[in-house]
Amino acid sequence: MTLRLQKRPLDDVKALEKLVVSNAEALEPEVRIIDARLVLGDATIDLVGVDPEGGLTLIALGITADGNMILRTLGAFSWAVDDPTAVKQRYPAGNIDGGRVPRVMFIAERLPEVFRRQVRQLDVPVIDCVEVRHFDAGRTTAVSFEVVERIRRDGAAAVATRPRDGAAAVTPDATADVSPTWRQFFPRA
Amino acid sequence: MNDAATLETLVVKHAPSLEPGLTIVDTSAVLGESTIDLVGIAPDGTLVLIALGLVGDGGMILRALGAYAWCIEYPDAVRQRYHAARRELRWPPRIVFVAEGVPESFVRKVKRLGAPSVECVEFRALEANGTSALRFERRQHVRRAPTDRTPVTAKPLPDGDPVAEAVIAIATAPDEVPAPAGSAAPGVGATPTGAVARATPPTAPPNAPAAPVALVPEPVRLQAVDAVAPVPPPPPAGTTAAPSVPTATPRPASAISSRAAPGPGTAPPATPAKKGGRGRTRRPRTPAWPPTPSMLSAEERDGNDEEPS
């Protein structure tokens, strides 16, 4: 029996938000979404998640990623970095580690190259750009999250891995974070 | 400050006041998908991307970020584009935000940009006792080592001590020029090397400068303002007449177009406005240029005769 998938366009950001909240496990294992539309400073971030180590994850959503997503995330991130105790006090049951720098995730149906180019120049240690696709599969639906840009800045080395063009500079341990789909494009250690 | 265009004109005109030796090489430069307001080259060869705005906002950040990201991705294109300006460009570019107001939220976001050097400069147009002044005040300067982008060295400035980082600002004009009576656009004038445009108060004694200061007769100046203001009669006796060609009026390098209240010695008597037929106020006619000999005093005529043609 063959399963036929048909792409289903997302109507709006609210539909995307619902999709991400209900499939957060597929996005990142063991990530809990703890809040939506959180106002941090003068910016509103769409979703807030916490990973098992207590790291805060700021998630910005959009149908087509644009500068507004960058600005919102930049505002929320800078506020969370400047005042981590306020975020921690806001979620006392969230077990948030205030000493860890929040990570940022951009989720959109389309992530243009212009957007990704700008994201690479942000001073945020951990950034993931994820393309989301929604499918109709017979009587059910399917969601696919694909990491198209993964930026890691660790200490003195700034590393930006670009799965789509495998010529990007990649540290050996960085491939551990790459999804299996794209691992074939990376040089083996 | 009314609009960003005026601010752009001022910054272009007084780029050395913003940073000594800075040369503006491009305006409204389209770099990739972004349009950056000004592109300059520092004396050490570093490209400087300048975003302007009345109040620092997200649009400025996005413009600068887009232009910077494009420069980083396509350095050869940028070098080729500004090749004529300088033989060798230093990399990476720097970002400078110039705005009249820089909110705290804006500064907080700017600190998270990945450029190795990001500056926020506040622009102020001041006026006191008839003296106009421009001032660039550095509000925030984020520096990172080019190879290490993680540690952020931000130097916030205390609000109460503007002098602390006003190194690029408030360079008072070295020689004060007696300002002619009348008015000009506020803040338009400044010395080429200073960030401050000053107009000497009319009560100040006109100390004799080395270069002779030619006071332009009133009709010439007011023609430049499209003759909107009422035209006073010719200046009183004792005023040096200008050369015969108005466009070739020699102005010293530090000449200042300023706004100053008319002084007792130079201010012409106000022309009473005449009433028109329907009760409207009629503007007096602007005399034709050049002034006929009958319009000049005897001393002015002598002075003109003495000048070499």
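Quick note on labels: first sequence line is chain A, next is B, and so on, each numbered from 1.
- Looking at B:K109 and A:D42, their side chains come closer than 4.5 Å, going by heavy atoms from C-beta outward.
- A ring-ring contact (aromatic ring centres under 6.0 Å, His included) check over residues 86-112 of chain A, counting only residues at least two apart or in different chains, returns the pairs A:F106-A:F115.
- Atom CZ of B:R90 is surrounded by 12 or fewer heavy atoms from other residues, nucleotides or ligands within 6.0 Å.
- Note that CD of B:E73 and CD of A:Q121 are 7.0 Å apart. Values are rounded to the nearest 0.5 Å.
- Annotation: A:E53, atom CD; neighbour count of heavy atoms from other residues, nucleotides and ligands within 6.0 Å is above 12.
- Distance CD/A:E113 to CD/B:E33: 9.0 Å, rounded to 0.5 Å.
- Interface residues of residues 76-90 of chain A toward chain B, defined by a heavy-atom distance below 4.5 Å and sorted by number: A:F77, A:S78, A:W79, A:V81, A:D82.
- How far CG of B:L65 is from CZ of A:R117: 10.5 Å, rounded to the nearest 0.5 Å.
- In this structure, the separation between CG on A:L71 and CD1 on B:I61 is 6.0 Å, given to the nearest 0.5 Å.
- The shortest distance between side-chain heavy atoms of B:L113 and A:L122 falls below 4.5 Å.
- Residues from residues 16-40 of chain A never place a non-hydrogen atom less than 4.5 Å from a non-hydrogen atom of chain B.
- Looking at residues two or more places apart in sequence or on another chain, you find no side-chain hydrogen bond (donor to acceptor under 3.5 Å, both in side chains) involving A:R100.
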